[in-house]
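Along the sequence shown, residues are numbered consecutively beginning with 1.
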Amino acid sequence: PTSEAMAWATKAWTTQLGEANVLLERARIRPAQRATYPTRSKTIAVLRPANDAQVAACLRIAAAHGVPVKPVSGGARWGLGSRVGTAPYMALLDLSRMDALVEVDTTLGTVTVEPGVSVAMVREQLSGTPWHLPGPSSTPYASVLGNAVDGGVCDGMVPLRRRDVLALTAVLASGEVVHTAASAWL
C-alpha cells in the first residue's frame, strides 16, 4: 500500500475503533513484529476491535485501501507461529479484546467462545462440571480458536483441535460476516 492509502486507512480505523485501539507507535507495535525466524514484514498498525461489526469494518477499510491484514486471536502463539505477517507492510488484527465465553452448555458439553478466549478461561468455567477441555501441548493461555484453526495438537490422546469445532462466525476479507453450523451433530 502507498503511504497515502495507509494514512486514509489509519484515519478510518481510528474513527471505527477509537485512538486507544489503533496502535501506531513503534514501541507499541514492536511486540507484534517478534518472530523466531528472520522476517522482512513490517506491522504498520495493530487494530484491536471489540466485536464482529468492528472486525468487519476494519476488513472493509483494509480492502478499500489495499492494506493486507493478519488476524490473530490473541493467544500465546508458542512454537507453531507468530504474530508476524507475510506481506511487506500490513496491519495486525488483534482479536484479544473479544474474550467473552458466550455460552457453556454442560448438557451437551459445548462452549461458545469469542476468538480471544484462552483454554485456561474455558477450564475455569468448566471447573466443577463433568467436562474438561484438553489443552494445547504448549500453554493453557493459548486461545481456543487459534489452537483450532492453526491445527493445534492437544494434550494426551486428544486429536487435532479443529475436529472439535461445531460452528463458526467468520468475517471474510470483504467484511461479509458468514455463519456456519454443524447442527446435525447436536
Could you measure the distance from the [atom1] atom of [X] to the [atom2] atom of [Y]? Nearest 0.5 Å is fine.
X: Thr14; Y: Leu24; atom1: OG1; atom2: CG; value: 6.0 Å
X: Asn21; Y: Leu47; atom1: CG; atom2: CG; value: 9.5 Å
X: Tyr89; Y: Thr2; atom1: OH; atom2: OG1; value: 12.5 Å
X: Leu23; Y: Asp94; atom1: CG; atom2: CG; value: 8.0 Å

Greater than 12 external heavy atoms within 6.0 Å of Arg26's CZ: yes

Under a single-linkage definition using a 4.5 Å side-chain heavy-atom cutoff for Ile, Leu, Val, Met, Phe, Trp and Tyr, are Leu172 and Val72 assigned to the same hydrophobic cluster?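 Cluster IDs for Leu172 and Val72 differ.
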
With distance as the sole test, does Ser41 use its side chain to make a donor-acceptor pair with the main-chain N or O of Ala87 at under 3.5 Å? yes

When you measure from the side chain of Thr129 to the backbone N and O of Leu126, does any donor-acceptor pair fall under 3.5 Å?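 Pair found, side chain donor or acceptor close to backbone of Leu126.
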
Solution key, residues 3-13 side-chain donor-acceptor pairs under 3.5 Å, sequence neighbours excluded:
from: Thr10; atom 1: OG1; to: Met6; atom 2: O; distance (Å): 2.8
from: Trp13; atom 1: NE1; to: Cys58; atom 2: O; distance (Å): 3.1

I want to check something: taking the side chain as every heavy atom from C-beta on, are [X] and [Y] in contact at a cut-off of under 4.5 Å?
X: Thr169; Y: Val178; result: no
X: Arg48; Y: Leu93; result: no
X: Leu17; Y: Gln54; result: yes
X: Val69; Y: Leu59; result: yes

For Ile29 and Lys42: C-alpha separation, side-chain torsions, deciding distance, then whether side chain to side chain contact (heavy atoms under 4.5 Å, CB included) applies. CA-CA 9 Å; Ile29 292 174; Lys42 288 240 184 237; over 6 Å; no

Stepwise side chain to side chain contact (heavy atoms under 4.5 Å, CB included) test for Thr43 and Met90: CA-CA 5 Å; Thr43 301; Met90 41 95 27; 3.9 Å; yes

Got a list of side-chain donor-acceptor pairs under 3.5 Å for residues 112-121, not counting sequence neighbours?
from: Glu114; atom 1: OE1; to: Asp99; atom 2: N; distance (Å): 3.2
from: Glu114; atom 1: OE1; to: Ala100; atom 2: N; distance (Å): 3.1
from: Ser118; atom 1: OG; to: Ala120; atom 2: N; distance (Å): 3.4
from: Ser118; atom 1: OG; to: Met121; atom 2: N; distance (Å): 3.1

Hey, mind stepping through Val111 and Val144 against side chain to side chain contact (heavy atoms under 4.5 Å, CB included) and telling me if it holds? CA-CA 10 Å; Val111 294; Val144 175; 5.8 Å; no

Between Ala173 and Ala63 the two heavy atoms that sit nearest each other are O-CB, 4.0 Å

Quick one: closest heavy-atom pair of Pro49 and Arg97, and the distance?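 In terms of heavy atoms, the two residues are closest at O-CB, 3.5 Å.
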
Among residues at least two apart in sequence or on other chains, which ones pass side-chain contact (heavy atoms from CB on, under 4.5 Å) with Gln16?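 Gln16 satisfies side-chain contact (heavy atoms from CB on, under 4.5 Å) with Ala57, Ile61 only.
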
